[in-house]
Amino acid sequence: MSKVYDVIILGGGPAGLTAGLYAGRSRLSTLIIEKGQDGGQIAITDEIENYPGQIVEGESGPSLIARMTEQAKKFGAERCSDVIKSVELEGDVKKLVGAKGEYQGKCVIIATGAFPKPIGCENEGKFTGKGISFCATCDAAFFEDFEVYVVGGGDSAVEEAMYLTKFARKVTIIHRRDELRAAKSIQEKAFANPKIAFMWDSVVTKVDGDELLSSMTVKNVKTGELTVVEADEDDGLFGLFGFIGYNPNSKLFEGMLDMENGYIKTDDNMHTNIPGVFAAGDIRVKSLRQVVTAAADGAIAAMQAEHYVSNH
Ligand code: NAP
């Protein structure tokens, strides 16, 4: 029979690690299970400049995460690498079955995150964080006075394109059709914005550059014509933002937890519809997916877990 932890945290991003820190500090026996490297989305973010107190020049996502991991460990949270394949969440002891073993906890905090859908072009991985971004709030400031391209035609793409015009000198929306999916009211604002241009019926097929993104191939899906877009010579680089939807990491919990578009519904205290099961961070239905809101969710979830364990 394996050990029954007070709390098992699934996911080692900012929400999971903060939950680990707070749970460990509350003297709960705590296990954080992460399938890959800690950090989630910020592990691929070159610089973090909007997390409060994060003002060290050139501070990267991985270094912030390394400190969060260290802090959770300092307060006694155990960390294990495994891929969870199935879960049993009902009852007083929750069971998580992974590739390497079975884990039991009195409560579970789900912090598995949501991941932007990749643009789907050649060399994308090589230039992610080096010109390609999936977060305008995080990275827009790095493109002050540069040219920026946005892939997508939904509310996110168009709203984020408008946000990017506060920084970039020109923003071109590349959309695979000849009309936007975004709400009409959002479209109207974008069409009225002189800094926004459009490439219709187009998809990015390849990105390139030396260290940083400086060229891409765009295909017209109607004519098949290929256009190579090069960075302005004086700039030497441009930005490419992908907003073609997100994939919440919630498949494991389908049919068990209440969800909206794959995101887990919670109350303000991170409770899901199952007692002793909490959700924190990007996996939740929420309005702002950022490190600071994930960390806040993690802290709340851990304190609620502490109340739950004390009362059971
Ligand atoms: P979305 O509505 O699913 O739109 C995704 C966009 O990306 C669509 O225009 C789609 O093109 C395009 N796309 C999808 N896959 C693609 C691919 N492989 N290559 C190129 N383009 C691709 O996603 P979202 O904009 O992230 O919005 C998600 C949800 O949040 C929506 O319900 C949206 O209304 C909501 N939201 C609301 C607000 C707001 O109300 N202010 C803001 C942001 C998001 P097609 O149009 O051709 O399918």
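Ligands are counted one by one from 1 in listed order, and the atoms in each one are counted from 1 as well. Every value quoted in this text rests on a predicted model; they were computed, and no experiment measured them. The chain is numbered in sequence order, starting from 1.
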Any donor-acceptor N/O pair, Ser250 side chain to Gly262 backbone, under 3.5 Å: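 The answer is yes, because a donor-acceptor pair under 3.5 Å joins these two groups.
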Remaining members of the apolar cluster that contains Ile264, side-chain heavy atoms under 4.5 Å: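 Hydrophobic cluster check, Ile264: joined to Tyr5, Ile8, Leu10, Leu31, Ile33, Ile84, Val87, Leu89, Leu96, Tyr103, Val108, Ile110, Leu252, Phe253, Met256, Leu257, Met259, Ile274, Val277, Ile283.
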ILVMFWY cluster membership beyond Val228 - transitive side-chain contacts under 4.5 angstrom: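 The other cluster members (ILVMFWY side chains, heavy atoms under 4.5 Å, direct or chained): none.
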pair Tyr263-Tyr246: side-chain heavy atoms closer than 4.5 Å: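 In short, these two side chains touch, coming nearer than 4.5 Å.
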Ring geometry between Trp200 and Phe198 (parallel below 30°, tilted from 30 to 60°, perpendicular above 60°):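 Plane angle under 30°, so parallel.
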Those residues that, when tested against Lys170, pass salt bridge (Lys or Arg N to Asp or Glu O under 4.0 Å) (two or more places apart):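 For Lys170 there are no salt bridge (Lys or Arg N to Asp or Glu O under 4.0 Å) partners, ignoring immediate neighbours.
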Within the 4.0 Å heavy-atom sphere of ligand 1, strictly under, residues: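 Correct list: Gly152, Gly153, Gly154, Asp155, Ser156, Glu159, His175, Arg176, Arg177, Arg181, Phe243, Ile244, Gly245.
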